[in-house]
Amino acid sequence: MSNPLAWIDDAMQDLRDRGLYITIRTVESPQGPWLVVDGKRVLNFCSNNYLGLANDPRLVKAAKEAIDRLGIGPAAVRTIAGTMSIHLELEKALAEFKEAEAAISFQSGFNANLATIPAIVGRGDVIFSDELNHASIIDGCRLSRAQIVRYPHNDAQALRALLEEHRGQYNRALIVTDGVFSMDGDIAPLPELADLAEEFSCMLMVDDAHGEGVLGHGGRGIVHHFGLQGRVHIEVGTMSKAFGVVGGYVAGNRKVVEWLRQRGRPFLFSSAMTVPDTAACLAAVQILQESTELVDRLWENTRYFKEQMRNLGFDIGQSVTPITPVMLGDEKLTQEFSRRLFEEGVFATAIAYPTVPLGKARIRVMISASHSREDLDAGLEAFAKVGRELGVTH
Ligand SMILES: *Cc1c(COP(=O)(O)O)cnc(C)c1O
């Protein structure tokens with residue numbers, strides 16, 4: 001008999017042949033503006049640690065104290081062994097921060113989407129989904145067994161036409177979109193989507209993983225940015241990006257949140273976040289609740305870096321967030337650019353097909369509040385050098 005796992009060798013070889021094999025670098029230091037990566041000290045231009053909270057002493061202290069008080073694990077799913085008070089505290093703090101009626105936490109943002117979508121739509125229902133939505137939204141939609149209608153990226157007019165065509169044939173309907181699209185840094189036209197949701201009697205859900213801690217007053221997210229509190233039923237958030245820890249949540253309408261406590265499968269069938277994660281997230285929310293300092297610094301750094309990159313002659317796309325795609329186009333050139341940057345002490349990832357369309361390869365720079373002006377200047381110098389060397393700029 002042949003080896004039943006032999007297909008893996010073939011599939012792996014296929015990935016290598018097509019340039020899609022992923023090599024994962026090893027980080028040997030705490031997360032921060034500088035990292036030790038594969039033994040080399042490099043400037044960190046690729047993490048989602050927007051506010052530098054991943055190694056913030058206040059979060060570390062909160063996690064340690066919580067361990068001393070409450071231990072590590074929640075020991076079972078919350079519906080069976082009882083929910084720990086610290087999870088409820090976090091949910092209350094998140095709802096207050098987001099100015100939402102209620103919030104519920106999950107183990108991750110990915111799980112929040114998997115919990116939410118199948119709980120609110122099913123067979124006989126329809127989902128209108130932006131064509132560039134995150135993988136976890138796509139998977140959540142598929143799990144739901146509702147009809148999925150993809151609409152052209154950020155195109156509210158095209159969505160209206162699709163709503164007119166399809167809405168009437170289904171029972172419940174959901175419009176779902178990423179808040180910030182992480183490859184280009186553009187944002188969803190949420191006010192138009194809210195109008196359409198109301199006109200066509202749809203539920204409205206936004207996944208604000210990259211908007212949390214970034215957009216809106218003091219980082220309250222895209223709903224706050226557009227002043228749409230109360231008009232977006234479901235805001236999915238993650239605590240693994242700007243909040244610097246791990247975990248996901250849904251903030252929004254109280255009925256929806258209560259329903260998810262009854263019917264969100266990752267809530268019912270998977271244990272909650274650990275005690276130190278939860279305590280660290282709580283500390284992160286409190287820091288953001290008390291001061292806009294980190295978010296202000298993030299934007300100051302973003303403005304400075306983008307302006308300098310444009311002055312150097314780079315095409316940095318249409319981003320309206322700290323995500324800065326340095327558009328290079330060619331896949332091989334982009335790989336080479338990233339490799340040369342690493343040699344120059346800058347860790348910035350090449351992003352290419354199939355994550356973005358063919359011919360639209362780019363280096364994605366992620367700016368953080370933790371970067372000092374000197375850090376940004378060091379990064380700019382490396383971009384200038386490699387850009388000239390590879391004939392991208394002059
Ligand atoms: C990163 C991301 C997620 C996943 O969040 P985790 O908490 O890391 O699981 C979900 N949705 C979007 C849009 C994201 O960018």
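Atoms within each ligand, like the ligands themselves, are counted from 1 in listed order. For the numbers below, each heavy atom of this structure counts, side chains included, while hydrogens, waters and symmetry mates do not.
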Which atom pairs, nitrogen or oxygen on both sides, join ligand 1 and the protein at under 3.5 angstrom?
unit_1   : atom_1 : unit_2 : atom_2 : d
ligand 1 : 7 (O)  : G109   : N      : 2.7
ligand 1 : 7 (O)  : T238   : OG1    : 2.5
ligand 1 : 7 (O)  : S240   : OG     : 3.3
ligand 1 : 8 (O)  : S240   : OG     : 3.0
ligand 1 : 9 (O)  : G109   : N      : 3.2
ligand 1 : 9 (O)  : F110   : N      : 2.9
ligand 1 : 11 (N) : H134   : ND1    : 3.4
ligand 1 : 11 (N) : D207   : OD2    : 2.6
ligand 1 : 15 (O) : H210   : NE2    : 3.4
ligand 1 : 15 (O) : K241   : NZ     : 2.6

Donor + acceptor pair across side chains of T274, D277 (<3.5 Å): yes
Short side-chain donor-acceptor distance under 3.5 Å, N113 and T116: no
Between OH on residue Y170 and CD1 on residue I127, distance to nearest 0.5 Å: 11.0 Å
Residues that, via side-chain heavy atoms closer than 4.5 angstrom, fall in one hydrophobic cluster with V27: L35, V37, V42, F342, F347
Side-chain donor-acceptor contact under 3.5 Å, H153 with D130: yes
Side chains of P325 and K360 in contact at under 4.5 Å (non-hydrogen atoms): no
